[in-house]
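The structure appears below as structure tokens.
Every chain is numbered from 1, with letters handed out A, B, ... down the list of sequences. Note that these values count all heavy atoms, side chains included, but never hydrogens, waters or copies made by symmetry.
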Amino acid sequence: MTQAANLERIWRTLEQVPKGQVVTYGQLADLAGLPGRARLAARALRLAPAERALPWFRVIGAGGRISIPKTSPGYQRQMELLRNDGVEVNNGRIKLSEYQWQPDLAALMWQLEF
DNA sequence: ACTCTGACTCCTT
DNA sequence: GAAGGAGCCAGAG
């Protein structure tokens with residue numbers, strides 16, 4: 001498995017996340033078939049080509065917290081985008097019990113290609 | 001080869 | 001809660 005392939009898996013998994021729902025870095029890595037590689041998921045987001053228009057803002061830290069420093073401009077941007085999705089964000093926190101993505105089998109079928 | 005660093009997590013204070 | 005430490009993996013210097 002090359003690194004490029006791992007990034008691709010993460011990106012494709014991220015594309016499945018529907019509007020109004022979120023995933024944590026760890027969950028995204030797990031779903032992409034890369035258990036325990038939350039940091040790789042974070043890196044994948046940073047390296048994601050803009051033209052791909054991935055919903056990077058639907059990825060949050062474990063426990064439902066926005067994982068961007070409050071001092072960074074990206075913090076406010078992510079909150080806006082999430083609220084635009086209809087997701088409630090209170091003081092940088094999101095209720096996972098309500099918004100965490102629960103993928104169905106169909107959404108993960110693409111993985112069988114590997 | 002080695003040290004640093006990070007859009008991460010988990011566990012302990 | 002906040003803070004610190006330890007795994008963690010990859011890229012950068």
Which residues satisfy the salt bridge (charged side-chain N to carboxylate O under 4.0 Å, His left out) test with E15(A), sequence neighbours excluded?
-> R52(A)
Just by distance, do the side chain of S72(A) and the backbone of I68(A) share a donor-acceptor pair under 3.5 Å?
-> no
Protein-nucleotide distance (Y25(A), atom OH; dC9(C), atom C1'), rounded to Å = 16 Å
Check whether any side-chain heavy atom of L28(A) lies under 4.5 Å from a side-chain heavy atom of L34(A), and answer yes or no.
-> no
Give one of base, sugar-phosphate or nothing for L45(A), where a contact means two heavy atoms less than 4.0 Å apart.
-> base
Residues at least two apart in sequence or cross-chain that pass side chain to side chain contact (heavy atoms under 4.5 Å, CB included) with E88(A), listed by chain then number, are N90(A), E98(A), Y99(A)
Side-chain heavy atoms of V59(A) within contact of T24(A), under 4.5 Å = no
Go through DNA chain B in 5' to 3' direction and return only the first and the last nucleotide with some atom under 4.0 Å of chain A's heavy atoms.
-> dG6(B) to dC10(B)
Spacing between N90(A) atom CG and dG1(C) atom P, to the nearest angstrom | 12 Å
How about W101(A) and Q16(A): do any of their side-chain heavy atoms sit closer than 4.5 Å?
-> yes
Return the set of residues passing salt bridge (charged side-chain N to carboxylate O under 4.0 Å, His left out) with R46(A) (not counting sequence neighbours), or none when no residue passes.
-> none
Expected string for nucleotides 3-8 of chain C under the B/S/- scheme (protein heavy atoms, under 4.0 Å, primed atoms plus P, OP1, OP2 as sugar-phosphate) is ----BB
Check DNA chain C against residues 54-83 of chain A and give the residues with a non-hydrogen atom under 4.0 Å, in numerical order.
-> none
Separation of R46(A) atom CZ from dA10(C) atom P, in whole Å?
-> 14 Å
Side chains of L96(A) and V22(A): closer than 4.5 Å at any heavy-atom pair?
-> yes
When L45(A), D30(A), I60(A) are each screened for side chain to side chain contact (heavy atoms under 4.5 Å, CB included) with Y25(A), the one that passes is L45(A)
Would you kindly say whether Q21(A) and Q100(A) are connected by a side-chain donor-acceptor distance under 3.5 Å?
-> no
